[in-house]
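The structure displayed is predicted, hence computed values, not measured ones.
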Amino acid sequence: MRKFSSASPSAADLGKLRVAPGVDRRRPSTGRSAGTSWRRGGVWLTGLAAVTVLGASAASITSLQQVAEQRSELRILLNEFKAAAWQQDALRSEAMLARGLPSELADAREEIDDTVDTIGARFDRQDPDSSHTKAIHDAYLAYDTAADREFQLLKYEDLQGAEETAAAQTDPAFAALLPVLEDADGDYEALAEQASGRARTGTVVILACAALLIMGLVWQAQRIRARALRRATHQATHDALTGLPNRTLLRERTAAAIDRPRQDGTGTALLLIDLDRFKEVNDTLGHHYGDQLLVQAAHRMQQAVRSGETVARLGGDEFAVLLPSIAGEPDVTAVAARLHEALNAPFTLDGLTLTVAGSIGAALHPHHGDTADELLQRADIAMYTAKGKRIGYTVFDHSQDSTDPRKLTLASDLRQGIEQDQLVLHYQPKVDTRTGKVLGAEALVRWQHPEHGLIPPTEFIPLAEHTGLITPLTRFVLDTALRQCQEWLRDGHELSVAVNVSTHRLLDLDFPAEVADRLQYWQLPAHLLTVEITESAIMTDPDRALHVVQQLHALGVHLSIDDFGTGYSSMAYLKTLPVHELKIDRTFVGSMTTSDRDAVIVRSTAELGRNLGLRVIAEGVEDMATWQVLDAAGCDALQGYYISRPVTADAFATWLRHQRGAPAAIAP
């Protein structure tokens with residue numbers, strides 16, 4: 001008869017809590033030298049530790065639960081084993097009563113023997129080489145050997161021998177087997193309870209540790225988030241290059257200073273500072289030197305003011321100084337003098353010594369304005385006055401600005417007008433002098449004020465320049481004009497559109513990039529855009545204007561000198577500008593049929609343009625006689641009321657449908 005198998009797979013160690021190797025959770029140094037990367041690393045390590053511990057803990061709990069289940073299964077096997085042993089013992093009794101071993105009892109004996117072998121093999125796999133397995137194996141072997149001998153004697157009907165064997169061997173062996181089975185059952189029960197208890201305890205401990213790790217992770221994440229928020233707030237309110245407060249923070253501090261209650265009669269002053277030769281340094285030596293200059297200038301200005309006073313960088317080479325508590329204009333002038341002196345001292349940039357002057361304008365609350373924006377506007381006007389008169393610094397005086405109170409109202413309304421689409425574009429066509437064919441149109445901005453009605457550009461464009469709104473205003477005009485040009489192109493009309501650019505935008509080094517971006521956005525070829533600039537704008541800063549114009553030319557944009565002949569331009573500068581056309585001002589065109597001098601000027605300008613390879617456009621054409629004279633003078637294109645007044649986009653589309661290429665006047 002087969003006995004317990006001696007070969008079996010190895011089993012897991014019982015009663016041991018196996019935890020995967022832990023991660024070193026010692027936090028790295030959080031000092032300034034460690035930086036943000038160390039803090040982020042700490043969060044990652046903490047998270048990794050949490051995941052590792054949770055995974056290892058789950059594996060350990062699973063192992064303990066498996067141990068408890070294994071012991072429970074062993075107890076079931078023991079009960080089955082005991083039942084088989086009792087059945088075999090009962091079979092012995094039946095054979096004794098039958099005084100032999102009938103075939104049915106022999107078959108039952110074989111079935112019980114097979115059952116015991118199956119149980120034994122399963123038991124050996126579940127708990128191999130343990131003391132209980134060996135004890136059960138030995139006890140059952142003794143009992144089974146005696147039972148085999150007893151059944152063998154019964155088979156040969158040796159009843160006396162069977163009884164003697166039962167009394168001397170089988171019964172004692174069975175009696176010895178039962179305590180072994182009971183002892184194993186008790187131990188397995190205790191081990192199962194122990195494993196279950198440890199699993200429950202381990203679960204509680206693990207959940208507590210996991211909770212602590214998660215709390216630590218959340219705490220660390222909150223710290224990093226708070227630092228990131230502080231850093232983002234600082235970046236949003238400070239200049240990246242100099243570390244100074246930017247325009248946003250300056251406006252907040254100015255508003256706070258204005259609103260602060262005062263008992264001593266002091267006020268608030270705002271100074272606007274522009275470096276006069278910064279563009280020259282940037283273009284000649286490069287941005288590296290320009291950045292060094294800005295940093296040194298910022299440091300000097302900080303040294304020139306007192307504690308509690310703010311030096312801010314507004315952008316480019318523009319700075320501002322906030323004096324939150326100032327006694328009066330003499331004190332403001334004294335601060336401006338110190339700042340001017342500090343900026344006039346030579347700068348040393350990588351061993352190179354440079355002298356850069358500054359223009360400073362100041363405005364005081366409540367004398368010159370009640371809000372931060374009003375003070376900034378007045379200081380800007382004063383600064384341009386100082387720059388234009390080359391006097392270094394000056395305090396705002398109402399004589400520098402219009403005394404019309406309506407302008408102040410319009411200045412405050414203009415920003416809202418831009419944001420609420422109160423501005424509209426009108427289009428005045430340009431036609432070929434010879435054929436009358438429509439070549440394009442000039443976009444002219446109008447302001448449809450909800451209270452004052454239609455306001456002409458001559459009234460609000462200077463306000464936009466003084467208040468800093470010229471940038472969003474120009475962006476609106478450029479976007480709207482390009483969108484209209486795209487609509488014309490989609491309708492089968494390849495017409496160019498011209499926009500006027502103020503002095504401020506012509507000297508803005510970022511303007512060419514803005515134009516390139518909008519052309520790409522509207523998917524228009526650059527040659528369909530004409531940028532019109534004035535002589536006066538060019539001569540404000542010829543070198544800087546040339547740089548911007550060259551970049552626009554490189555984009556493929558057409559360039560036109562507007563109102564040619566009314567300024568005081570230098571031909572030396574004009575001949576270097578990569579422009580495509582000249583526009584003769586209406587002051588000459590309108591009276592050329594009655595004034596020989598104006599006619600000579602127009603003919604000379606047209607000849608100059610042709611000799612320079614430029615297209616010549618005459619504006620202000622109001623009758624057919626003027627058209628014919630301009631045609632004879634060699635002008636290439638015309639623009640004026642005789643052709644069409646500036647009209648809305650819809651009216652322009654209607655007018656365009658009725659054109660057949662012949663010169664003809666239209667109704668306004």
Side-chain angles (χ1 to χ4, degrees), residues 226-260 268-276 278-279 281-282 287-288 290-326 335-336 339 342-343 356 358-363 365 369 371-384 387 415 418-419 464-475 504-505 507-511 513-514:
R227 290 192 187 98
L229 181 60
R230 289 194 297 270
R231 185 167 58 252
T233 302
H234 184 274
Q235 291 174 347
T237 57
H238 288 76
D239 173 57
L241 176 63
T242 62
L244 295 176
N246 61 13
R247 186 184 294 271
T248 300
L249 185 54
L250 174 69
R251 182 178 284 108
E252 292 177 0
R253 292 185 178 179
T254 304
I258 290 173
D259 294 339
R260 188 179 64 193
T268 299
L270 191 63
L271 288 75
L272 198 64
I273 305 161
D274 184 82
L275 303 182
D276 293 336
F278 174 74
K279 197 267 179 184
V281 173
N282 233 14
H287 291 286
H288 171 68
D291 289 347
Q292 287 190 59
L293 175 60
L294 292 173
V295 171
Q296 289 189 29
H299 178 71
R300 288 190 185 183
M301 284 185 276
Q302 286 179 301
Q303 296 295 316
V305 300
R306 300 173 300 181
S307 176
E309 297 173 341
T310 299
V311 178
R313 183 186 177 203
L314 305 185
D317 57 348
E318 284 190 345
F319 294 84
V321 174
L322 171 64
L323 308 177
S325 182
I326 201 76
V335 174
L339 291 168
L343 294 175
V356 179
S359 298
I360 305 173
H365 170 267
T371 67
D373 288 337
E374 288 179 354
L375 287 184
L376 190 61
Q377 175 199 356
R378 306 302 194 278
D380 186 55
I381 294 172
M383 184 270 291
Y384 275 107
K387 183 184 288 288
R415 182 182 300 276
I418 296 173
E419 295 173 351
E465 292 178 332
H466 284 307
T467 57
L469 293 174
I470 193 63
T471 296
L473 176 60
T474 304
R475 187 177 298 118
H504 181 87
R505 296 315 313 273
L507 301 180
D508 185 352
L509 299 180
D510 295 329
F511 181 62
E514 182 180 329

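To the nearest 0.5 angstrom, H299 atom NE2 is 9.0 Å from Q296 atom CD. One finds the CD atom of E514 at 4.5 Å from the CZ atom of R505 (value rounded to the nearest 0.5 Å). The CD atom of E309 lies 4.5 Å from the CG atom of L323; values are rounded to the nearest 0.5 Å. The CD atom of E374 lies 12.5 Å from the OG1 atom of T254; values are rounded to the nearest 0.5 Å. The structure places CG of D259 at 10.0 Å from OG1 of T371, a figure rounded to the nearest 0.5 Å.
Considering only heavy atoms from C-beta on, T474 comes within 4.5 Å of F511 through its side chain. You'll find the side chain of E318 reaches within 4.5 Å of the side chain of R247, heavy atoms only. Using a 4.5 Å heavy-atom threshold, the side chains of L250 and R313 count as separate. Looking at heavy atoms from C-beta onward, M301 lies out of side-chain contact with V305 at the 4.5 angstrom threshold.
In this structure, R415 has no salt bridge (charged side-chain N to carboxylate O under 4.0 Å, His left out) partners at least two apart in sequence or on a different chain. Scored by the side-chain hydrogen bond (donor to acceptor under 3.5 Å, both in side chains) test, D373 finds R251 as partners (sequence neighbours excluded). By the side chain to side chain contact (heavy atoms under 4.5 Å, CB included) test, Q302 pairs with L244, V311, sequence neighbours left out. Applying the side chain to side chain contact (heavy atoms under 4.5 Å, CB included) rule to A379 yields the partners L272, A363; only residues at least two apart in sequence or on another chain are considered. R253 meets the side chain to side chain contact (heavy atoms under 4.5 Å, CB included) test with P245, L249, T310, L322; sequence neighbours excluded. Under the ring-ring contact (aromatic ring centres under 6.0 Å, His included) criterion, H504 pairs with no residue at all, not counting sequence neighbours.
Using a distance-only test at 3.5 Å, with no hydrogens or angles considered, no donor-acceptor pair links the side chain of D239 to the main chain of G315. Between the side chain of T268 and the main chain of P324, a donor-acceptor pair closer than 3.5 Å is present.
Between A372 and L270, the shortest heavy-atom distance links the atoms O-CD2, 4.4 Å. Between N246 and A236, the shortest heavy-atom distance links the atoms ND2-O, 2.8 Å. For the residue pair L339 and A304, the shortest heavy atom distance occurs at CD2-CB, 3.8 Å. Here the shortest heavy-atom pairing between L293 and F278 reads CD2-CD1, 3.8 Å. Across all non-hydrogen atoms, the minimal contact from R260 to S325 is NH2-CB, 3.7 Å.
Shown here is H288, whose NE2 atom has more than 12 heavy atoms of other residues, nucleotides or ligands within 6.0 Å.
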Start with the C-alpha gap between D276 and D317, add the side-chain angles, then the distance that decides, and say whether side chain to side chain contact (heavy atoms under 4.5 Å, CB included) holds.
CA-CA 8 Å; D276 293 336; D317 57 348; over 6 Å; no
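Between the side chains of D274 and S359, not a single donor N or O lies within less than 3.5 Å of an accepting N or O.
Checked against F319 for a side-chain contact (heavy atoms from CB on, under 4.5 Å), the options I360, L275, L314 give a single hit: L275.
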